[in-house]
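Structure, as structure tokens:
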Amino acid sequence: MEICAACGKADVNLKICKACKLVKYCCVDCQVAHRPKHMKACMIREAALFEQKLFAQPRKREDCPICCLTLPYDDEEIGYMPCCGKFICHGCIDNLIREYCPYCNTPAAQSDREISNMFTKRIEKFNDPIAMYNLGCFYNLGMNGYDIDDAKAVELFQRASELGSAEAHCALGVAYEDGRG
């Protein structure tokens, strides 16, 4: 049975501490009253959770959805399809891509603006960190018809890094180092 950490009352609708995710409270008043006792342990647990997430093993590299071979680790040898969000090896892209995506059969983008629109749709519909990172690069470098907007680029890099994009995390660090974040 779960009980409130401050008053000890057993309640069905306990709310969990958002930082440490260990302690539960029946109301905001109990949370505020218990905060001085809980703060040190909470900060330690929060730091441990952050480190656990930060140093977690990266997910296994996916297979190419066309040829079913494991995608190479060299990012220069794979391509990201903004229409379907799939990574495809360059061998399949070189052999299959003409006017349509070799995976989802969507017409290939004919302009930079169409590519940007595909990224925007993937962000809105799927919260795609790769699309966020790429769109952030457009704002960061002033590419594909976008004006340089450091604030928007940093916002996109931040959102993408929170969703696990290592590239966005690196770009965010560079932006902060350069004084643009």
Side-chain angles (χ1 to χ4, degrees), residues 16 18-19 21 46-181:
I16 194 164
K18 292 186 191 269
K21 299 182 182 5
E46 185 180 20
L49 288 173
F50 178 75
E51 281 187 16
Q52 185 179 23
K53 183 178 175 185
L54 185 65
F55 294 111
Q57 290 295 318
R59 37 185 187 120
K60 182 185 170 290
R61 187 64 96 150
E62 298 174 7
D63 292 342
C64 174
I66 307 298
C67 65
C68 298
L69 295 175
T70 302
L71 289 170
Y73 281 99
D74 183 5
D75 287 338
E76 298 293 321
E77 297 191 21
I78 60 175
Y80 176 76
M81 304 307 289
C83 49
C84 56
K86 297 289 184 186
F87 285 102
I88 298 176
C89 68
H90 271 267
C92 291
I93 290 174
D94 293 342
N95 288 329
L96 299 174
I97 198 162
R98 302 283 185 268
E99 297 172 6
Y100 297 94
C101 171
Y103 182 75
C104 67
N105 212 26
T106 301
Q110 300 299 317
S111 68
D112 292 339
R113 187 50 84 182
E114 286 182 32
I115 292 172
S116 301
N117 289 341
M118 288 179 177
F119 284 141
T120 304
K121 285 179 187 174
R122 289 205 56 78
I123 292 169
E124 292 169 356
K125 193 170 183 180
F126 302 110
N127 214 20
D128 184 353
I130 299 159
M132 287 179 202
Y133 167 71
N134 285 315
L135 198 57
C137 288
F138 293 166
Y139 279 110
N140 189 37
L141 303 172
M143 296 169 46
N144 291 13
Y146 287 91
D147 293 329
I148 293 177
D149 186 347
D150 291 332
K152 185 70 174 170
V154 166
E155 175 193 337
L156 287 164
F157 291 152
Q158 178 72 39
R159 285 177 56 197
S161 66
E162 287 171 358
L163 292 170
S165 171
E167 296 88 355
H169 204 84
C170 180
L172 185 62
V174 170
Y176 283 140
E177 183 180 48
D178 293 344
R180 293 180 285 121

*Which pairs, with at least one residue in residues 154-181 and sequence neighbours excluded, count as a ring pair (Phe, Tyr, Trp, His ring centres under 6.0 Å)?*
Tyr133-Phe157

*Say you draw a straight line from CZ of Phe87 to CD1 of Ile78; how long is it, rounded to the nearest 0.5 Å?*
5.0 Å

_Tell me which pairs pass side-chain hydrogen bond (donor to acceptor under 3.5 Å, both in side chains) where either residue lies in residues 136-145, with sequence neighbours left out._
Asn140-Arg180

*asked:* I'd like to know whether Met132 forms a side chain to side chain contact (heavy atoms under 4.5 Å, CB included) with Asn127, so could you lay out the CA-CA distance, the side-chain angles of the two residues, the decisive distance to 0.1 Å, and finally the verdict.
replied: CA-CA 8 Å; Met132 287 179 202; Asn127 214 20; 2.8 Å; yes

*Contacts of Asp147 that satisfy side-chain hydrogen bond (donor to acceptor under 3.5 Å, both in side chains) - sequence neighbours left out*: none

_side chain to side chain contact (heavy atoms under 4.5 Å, CB included) involving Glu77 - partner list, sequence neighbours excluded_ = Pro72, Asp74

*Please report the closest heavy-atom contact between Ile93 and Met81, naming both atoms and the distance.*
CD1-SD, 4.4 Å

*asked:* Are the side chains of Cys104 and Cys83 in contact, using a 4.5 Å heavy-atom criterion?
replied: yes

*asked:* Suppose the criterion is salt bridge (charged side-chain N to carboxylate O under 4.0 Å, His left out): which pairs have a residue in residues 152-164, not counting sequence neighbours?
replied: none

*Residue pair Ile88 / Pro102, side-chain heavy-atom distance below 4.5 Å*: yes

*What pairs with Ala19 under side chain to side chain contact (heavy atoms under 4.5 Å, CB included), at least two apart in sequence or on another chain?*
Cys17, Cys42, Glu46

*Hey, could you give me each pair passing ring pair (Phe, Tyr, Trp, His ring centres under 6.0 Å) that has a residue in residues 104-129? Not counting sequence neighbours.*
Phe119-Phe138

*Which distance, rounded to the nearest 0.5 Å, do you find between the CG of Leu69 and the SG of Cys92?*
7.5 Å

Please list, one pair per line, the donor and acceptor atoms closer than 3.5 Å that link side chains of residues 111-118 to other protein atoms, with sequence neighbours excluded.
{"unit_1": "Ser111", "atom_1": "OG", "unit_2": "Glu114", "atom_2": "N", "d": "3.2"}
{"unit_1": "Arg113", "atom_1": "NH1", "unit_2": "Tyr146", "atom_2": "OH", "d": "3.3"}
{"unit_1": "Glu114", "atom_1": "OE1", "unit_2": "Gln110", "atom_2": "N", "d": "3.1"}
{"unit_1": "Ser116", "atom_1": "OG", "unit_2": "Asp112", "atom_2": "O", "d": "3.1"}
{"unit_1": "Asn117", "atom_1": "ND2", "unit_2": "Arg113", "atom_2": "O", "d": "3.4"}

*List for me each residue that meets side chain to side chain contact (heavy atoms under 4.5 Å, CB included) alongside Ile148, sequence neighbours excluded, and say none if there are none.*
Asp150

*Quick one: pull up OG1 in Thr120 and NZ in Lys125 and give me the separation to the nearest 0.5 Å.*
14.0 Å

_side-chain hydrogen bond (donor to acceptor under 3.5 Å, both in side chains) partners of Asp75, counting only residues at least two apart_ = Arg61

*By side-chain hydrogen bond (donor to acceptor under 3.5 Å, both in side chains), which residues pair with Asp128, not counting sequence neighbours?*
Tyr80, Arg122

*With sequence neighbours excluded, what pairs up with Thr106 under the side-chain hydrogen bond (donor to acceptor under 3.5 Å, both in side chains) test?*
none

*What's the spacing between Gln158 CD and Leu163 CG if we round to 0.5 Å?*
10.0 Å

*Provide the closest heavy-atom pair for Val154 versus Ala175 in the form atom of the first, atom of the second, distance.*
CG2-CB, 3.9 Å

_Ignoring hydrogens, what is the shortest heavy-atom contact between Ala160 and Pro129? Give both atom names and the distance._
CB-O, 3.4 Å

